[in-house]
Amino acid sequence: MKLYEHAISETVEKIKTKEIKSCEVVQSILERIDNIDKKLNAFITVFHDESVDRAKYIDQKIKNGKPLGALAGVPIAIKDNICLKNKRTTCGSKMLENYCPPYSATVINKLLSEDAIIIGKTNMDEFSQGSSAETSYFGATRNPWNLDRVPGGTSGGSAAALAANETIGSIGSDTGGSVRQPASFCGVVALKPTYGRISRYGLIAYASSLDTIAPFGKTVKDCAILMQVLSGKDTKDSTSVDENVPEYEKLMGNSIKQMRIGLPSEYFSDGICPDVKEAVLKGVKVLESLGAVIEETSLPSLKYGIPAYYLTATSEVSSNLARYMGIHHSHRSKKTKDLIESFKTSRAEGFGPEVRRRIILGTYALSRGYYDQYYLKAQKVRTLIMNEYLNAFKKYDVLIGPVSPFPAFKLGEKINDPLQMYLSDIYTITINMAGIPAISIPCGLSSQGLPIGMQIIGKHFDEGKLLKIASVYEKNCNVSNIIPNI
Amino acid sequence: MKYEVVIGLETHAELDTESKLFCGCSTKFGSEPNTQTCPVCLGLPGVLPVMNKKAFGLSLKTAVALHCEINQFTNFDRKSYYYPDLPKNYQTSQNYFNIGNNGYVDMVVDGEERRINIHNVHLEEEAGKLVHPEASDANYSLVDFNRAGVPLLEIVTQPDMRSIEEVENYMQTLRNILLYIGVSDCKMQEGSLRFEASISLREHGSTVLGNRVEIKNLNSMKAVLKVLAYEMTRQSSLLDDGKEILLETRLWDDVDAVSRRMRTKEDAHDYRYFPEPDLVPFWINQEWIDETETAIPELPVCRRQRFVDELSVSDYDAGILTEDKSLADYFEECVAISQESSKELSNWIINDVLRELNEQKLNVQDFVISPKMLTELVEIKPTIGSSIAKEVFAEMVNTGKSAPVIVKEKDLTQMDDTSELNEIVVKVIEDNPKAVEDYGLGKKNALAFLIGQTMKITKGKANPKILTELFKQRLSSISK
Amino acid sequence: MSITNEEMDHLSDLAMLKLSAEDKDLFTKQLNTILEYFDELQEVDTSDIEATSHVLPIRNVFREDKVEESIPLCECLQNAPQIKNGFFVVPKIIDTE
Ligand SMILES: [Mg+2]
Ligand SMILES: [Zn+2]
């Protein structure tokens with residue numbers, strides 16, 4: 001087994017016991033990136049020299065017997081919408097092509113204080129807007145299972161890099177499915193946490209009331225390890241939660257006997273690809289065989305998830321992206337000397353078509369005369385959706401469904417039809433509307449050999465339960481051992 | 001005037017905090033450009049705001065002091081508009097759930113009580129500052145974000161004012177209240193207090209509001225009064241000519257003394273407010289409101305009345321004393337220390353202390369004569385006389401020494417020993433036969449001359465009352 | 001409910017976003033398709049429903065009024081397209097007509 005093939009847990013263990021050196025792991029990863037990323041385009045920036053230097057520093061620490069962090073010497077790839085001090089952070093946009101933030105995100109500081117190595121910044125849909133990692137100014141990322149297919153979005157780079165063993169662990173962000181869908185398309189695990197569980201400070205906002213930073217792992221255990229590092233109240237993020245963070249790893253692998261699992265019919269409705277339905281139901285059967293109690297249920301308001309989500313998200317986008325006007329940190333057009341024209345042209349040049357489209361849609365939804373009908377209505381439907389979920393959790397420990405109605409689609413297949421692209425998010429967005437956690441775990445391959453993801457959904461702060469069920473499933477199916485051949 | 005004027009005022013007051021509303025940057029005025037900034041107040045990608053507790057508390061305090069209904073659930077909203085001094089191109093402000101609604105300010109206009117209703121009080125963030133280069137051909141402007149994010153309180157009246165005098169009175173009354181409750185330093189030259197006015201005219205007796213003109217960015221009370229007078233003339237002549245008043249925003253040009261139409265499109269007013277997702281809502285419980293209420297000092301209107309009722313100060317003097325909270329505090333401190341009459345103390349403050357403060361351009365807190373020192377002077381006055389007391393006051397200002405020390409050092413205690421004075425009187429009469437003769441002839445200034453001579457000898461220490469009595473007795477016995 | 005060409009111009013002004021002729025045509029068409037689909041939202045009865053803008057019931061998160069160090073001027077200005085004497089430079093602003 002190559003060093004780059006290892007999971008976080010194995011890598012840390014081997015580094016700590018001096019079986020291998022962090023330098024060797026980093027070297028192995030960098031070579032892997034150099035060899036295959038031309039094909040994948042999973043990275044926007046790779047930190048060659050800095051990673052080697054840091055690995056040497058960690059190795060020295062080990063040699064000197066200094067106390068070590070939970071991620072000692074482990075390369076981690078970071079989605080390029082998370083700020084890293086004085087390193088280019090682009091958000092996949094021309095608008096921030098050369099932007100170097102003068103500060104680091106809270107999660108970056110947490111990773112570094114646990115001795116992780118930031119190996120590079122990964123490709124993504126521009127400003128996290130898209131569902132395929134195709135809207136990036138830096139070109140589309142490709143799916144390591146099939147280079148003609150998308151890796152999913154918006155954290156497509158983080159998912160593809162991890163699946164292709166270009167990193168040991170990776171971090172993305174999830175606003176409407178942006179870690180879960182690419183995880184399912186690329187055959188890795190991703191945990192979208194409860195809103196507020198992980199600080200958003202330093203995460204470049206897409207839709208603030210929905211955005212979460214989220215870990216990817218080759219295994220469920222890796223997700224648990226990263227969750228442990230990333231979680232917790234941050235005084236810089238008013239919306240982060242002052243709630244005890246359990247020891248996730250200790251919750252894993254225990255019995256799931258008598259666990260009550262609901263299968264919402266809305267997750268298995270028309271439009272679902274038969275392969276996906278079959279794989280997920282097969283996964284559910286496995287859980288049933290391990291003692292879980294399965295029951296069908298219904299959450300009728302989920303039907304309105306797409307409009308409610310997209311009106312909310314685009315409204316927030318129109319506001320969050322107003323700051324990019326070419327004055328203090330973003331692209332400025334060279335075409336004009338007039339102030340208003342400069343604003344307008346800089347923004348037109350800096351933003352790609354999907355971002356422009358969403359800014360216009362969100363501006364419309366908030367504008368005078370339409371606020372009640374669109375934005376406010378969406379927030380009320382959001383209440384209904386959240387209440388239905390919370391009611392369901394009075395009856396069930398978790399809900400299970402697919403992550404996406406279909407496996408990875410072809411590049412270019414949906415990019416010119418925004419509504420079709422939006423509809424592909426049907427199974428993930430309502431979870432963000434409710435702020436609840438969900439994990440995406442591989443549950444098989446389609447007839448075309450593409451990974452399929454199963455989604456386990458829990459109530460607020462029930463990440464531990466999701467990790468437990470996912471780990472039990474993982475142990476009994478060995479699905480995470482299937483890796484792409486690239 | 002043919003028309004009735006209807007005026008509403010928005011006041012922006014920078015709150016008196018050490019740090020900005022959403023970040024730890026200093027609010028200190030006058031630093032080098034962009035040196036008091038951080039990712040948060042620059043609105044850099046990825047940053048989040050965290051509410052300054054003191055700024056929130058000061059806003060609540062103001063809302064309570066202005067008799068507002070407090071929204072127990074209060075929330076912040078984003079107000080979107082594009083301007084280069086606004087780092088995020090939205091201002092975090094309040095729209096749907098302001099801290100306070102439906103308050104009022106009571107004031108006295110021409111001896112009559114007037115109530116100006118407050119529509120709302122809300123908290124928001126300040127913008128940066130634009131600098132326009134002097135050279136007229138310069139094709140750029142400069143932006144400094146040091147002020148960006150300073151906590152700003154907005155106080156919006158109903159269109160309740162009906163004359164420029166009322167507007168002036170309201171601005172002063174409000175400024176006083178803000179100073180009194182200690183929420184803002186209200187330094188207009190530093191932009192801590194700014195106004196926006198809306199003004200419309202209508203036929204007397206009409207109940208419909210005319211088209212209103214909004215005037216932005218008025219940095220002094222004088223500018224407010226000037227622009228309103230200008231607008232009254234401009235609008236009434238338009239109406240006289242049968243023309244329509246345009247709903248528009250205008251800016252005041254202080255140099256040319258005209259208002260000019262601002263370059264804004266109508267949709268600039270579509271602010272697209274929606275709840276700020278990056279701040280959590282705030283819940284103000286009754287306990288917090290009660291605590292705030294208790295912490296609010298007596299407001300100027302009440303204090304003035306109390307000075308009249310309980311401290312026998314004239315209404316006029318009470319008005320002067322309470323105009324400045326620190327002056328009123330100074331007065332009350334004096335009253336608390338001294339047994340002397342509050343009337344006497346108030347006279348000293350209004351005549352002598354205020355004159356010195358004006359001359360030296362000082363705040364009373366920085367005045368060399370403390371309340372204790374002033375009371376000592378007033379207490380020692382009967383032993384030195386009024387005119388010497390004035391000299392001692394001047395000496396206190398110059399040297400910072402206390403009145404008893406000065407009186408002792410200069411041996412200024414009044415001579416009121418009759419027999420001692422009598423000896424001098426006898427000698428002065430002997431030395432000035434001409435004056436004595438004049439007195440006999442009925443020349444009244446002869447007495448003043450003789451008293452003056454005596455004062456010279458006693459270095460002004462002779463008790464003038466006793467002295468006058470002695471001269472009168474002796475002179476009348478001579479002329480008999 | 002559909003967006004007209006005129007409204008598209010208005011939205012372009014409000015959003016401070018220049019739209020090319022092709023953009024306008026394409027977006028008008030696409031957004032109308034999207035909005036038509038979104039109109040199913042209007043069938044939901046929300047008369048007694050409160051809007052949710054924050055999913056968790058967190059209240060009153062404050063920081064103390066303490067001064068913290070600002071960032072160095074060079075970091076403040078490091079991403080600006082144009083600077084002068086410690087200021088950000090923008091095209092000239094003309095406020096009045
Ligand atoms: Mg305002
Ligand atoms: Zn700051």
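Order of the sequence lines sets the chain letters (A, B, ...), proteins ahead of strands, with each chain counted from 1.
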- Message: Is the shortest side-chain heavy-atom distance between A/Phe343 and C/Lys18 below 4.5 Å?
- Response: no

- May I ask you to name which of A/Leu339, A/Thr239, A/Val241 has the most heavy-atom pairs under 4.5 Å with chain C? A/Leu339

- For the residue pair C/Ile3 and A/Tyr364, establish whether any side-chain heavy-atom pair is separated by less than 4.5 Å. yes

- If you measure from CG on A/Asp417 to OG1 on C/Thr33, what distance do you get to the nearest 0.5 Å? 8.0 Å

- Give, as side chain, backbone, both or neither, the part of C/Ser12 having an atom under 4.5 angstrom from any heavy atom of chain A. both

- Task: Under 4.5 Å heavy-atom distance to chain C, tell me which part of A/Ala308 shows up: side chain, backbone, both or neither.
- Result: both

- Query: Donor-acceptor pair, A/Thr383 side chain versus C/Thr52 backbone, under 3.5 Å?
  - Reply: yes

- Look at A/Ile306, A/Thr345, A/Thr336, A/Leu210 and state which one has the largest set of heavy-atom pairs under 4.5 Å with chain C. A/Ile306

- Which region of A/Lys233, side chain (C-beta onward) or backbone (N, CA, C, O), has a non-hydrogen atom less than 4.5 Å from a non-hydrogen atom of chain C, or is it both or neither? side chain

- Query: Which bit of A/Asn98 comes within less than 4.5 Å of chain C, counting heavy atoms only: side chain, backbone, both or neither?
  - Reply: backbone

- Is a side-chain donor or acceptor of A/Lys380 paired with a backbone partner of C/Asp48 at a separation under 3.5 angstrom? no

- Message: Need one label for A/Ala365: side chain, backbone, both or neither, based on atoms under 4.5 Å from any heavy atom in chain C.
- Response: neither

- Query: Side chain, backbone, both or neither: which part of A/Tyr422 has a heavy atom under 4.5 Å from chain C?
  - Reply: side chain

- Task: Measure distances from A/Ser240 to the heavy atoms of chain C and classify the residue's part below 4.5 Å as side chain, backbone, both or neither.
- Result: backbone

- Hey, which of A/Ile327, A/Ile359, A/Leu96, A/Asn387 has the most heavy atom pairs under 4.5 Å with chain C? A/Ile327

- Message: Need one label for A/Asn416: side chain, backbone, both or neither, based on atoms under 4.5 Å from any heavy atom in chain C.
- Response: backbone

- If one checks every heavy atom of C/Leu41 against chain A at 4.5 Å, the contacting part turns out to be both

- Okay, A/Ser238 and chain C: the region with an atom under 4.5 Å from a heavy atom over there is both

- Do C/Leu35 and A/Tyr374 come close enough that some side-chain heavy atom pair is under 4.5 Å? yes

- Message: Determine whether a donor-acceptor pair (N or O, by modelled atom type, separation under 3.5 Å) exists between the side chain of A/Arg347 and the backbone of C/Met16.
- Response: yes

- Is the closest side-chain donor-acceptor distance between C/Gln78 and A/Asn86 under 3.5 Å? yes

- Query: Do C/Phe38 and A/Lys377 pass the side-chain contact (heavy atoms from CB on, under 4.5 Å) test, and can you show the C-alpha distance, the side-chain angles, and the key distance before you say yes or no?
  - Reply: CA-CA 11 Å; C/Phe38 284 10; A/Lys377 187 82 181 180; over 6 Å; no

- Item | A/Pro418 and C/Gln30, any side-chain heavy atoms less than 4.5 Å apart | yes

- Are C/Val55 and A/Ser209 close enough that some pair of their side-chain heavy atoms sits under 4.5 Å apart? no

- Before accepting this row, confirm whether a basic side-chain N of the pair A/Lys344/C/Asp13 lies closer than 4.0 Å to the acidic partner's carboxylate O. yes

- Modelled atom types, side-chain donor and acceptor of C/Glu43 and A/Tyr304, under 3.5 Å: yes

- Query: What's the spacing between C/Ile58 CD1 and A/Glu243 CD if we round to 0.5 Å?
  - Reply: 9.0 Å

- Query: So which of A/Lys337, A/His331, A/Arg356, A/Arg382 has the largest heavy-atom pair count under 4.5 angstrom toward chain C?
  - Reply: A/Arg356

- What part of A/Leu423 lies closer than 4.5 angstrom to a heavy atom of chain C: side chain, backbone, both or neither? side chain

- Given a strict heavy-atom distance threshold of 4.5 Å, which part of A/Glu341 is in contact with chain C: side chain, backbone, both, or neither? side chain

- Note on the structure: Max heavy-atom pairs within cutoff under 4.5 Å with chain A, candidates C/Leu26, C/Ile93, C/Val61, C/Ile49, goes to C/Ile49

- C/Leu31 CG to A/Leu419 CG distance, which is reported to the nearest 0.5 Å: 11.0 Å

- Item | Contacting region of A/Ser346 [heavy-atom separation from chain C under 4.5 Å] | neither

- Query: Using non-hydrogen atoms only, which part of A/His460 is less than 4.5 Å away from chain C: side chain, backbone, both, or neither?
  - Reply: side chain

- Item | pair C/Thr46-A/Gln379: side-chain heavy atoms closer than 4.5 Å | no

- Message: Determine whether C/Arg63 and A/Thr235 satisfy the following criterion, side-chain contact (heavy atoms from CB on, under 4.5 Å), listing intermediate values before the conclusion.
- Response: CA-CA 8 Å; C/Arg63 46 174 279 272; A/Thr235 52; over 6 Å; no

- Look up atom CD1 in A/Ile360 and atom CG in C/Leu19, then write down how far apart they are to the nearest 0.5 Å. 4.5 Å

- Nearest-0.5 Å distance, CZ of residue C/Phe88 to NE2 of residue A/His329: 8.5 Å

- Task: Kindly indicate whether the side chain of A/Pro102, heavy atoms from C-beta on, has any atom under 4.5 Å from the side chain of C/Ile71.
- Result: yes

- With a 4.5 angstrom heavy-atom cut-off, which part of A/Lys85 approaches chain C: side chain, backbone, both or neither? side chain

- Task: Walk me through it: do A/Tyr310 and C/Ile34 pass the test side-chain contact (heavy atoms from CB on, under 4.5 Å)?
- Result: CA-CA 10 Å; A/Tyr310 273 97; C/Ile34 290 166; over 6 Å; no

- Item | C/Leu17, part contacting chain A, at a heavy-atom distance under 4.5 Å | both

- Given the options A/Asp338, A/Leu361, A/Leu321, which has more heavy-atom pairs under 4.5 Å with chain C than any of the others? A/Leu361

- Query: Backbone N or O of A/Gln373 within a donor-acceptor pair of the C/Gln42 side chain at under 3.5 Å?
  - Reply: yes

- Please flag which part of A/Met325 lies under 4.5 Å from any non-hydrogen atom of chain C: side chain, backbone, both or neither. neither

- Query: Taking C-beta and beyond as the side chain, do C/Val44 and A/Lys303 meet within less than 4.5 Å on heavy atoms?
  - Reply: no

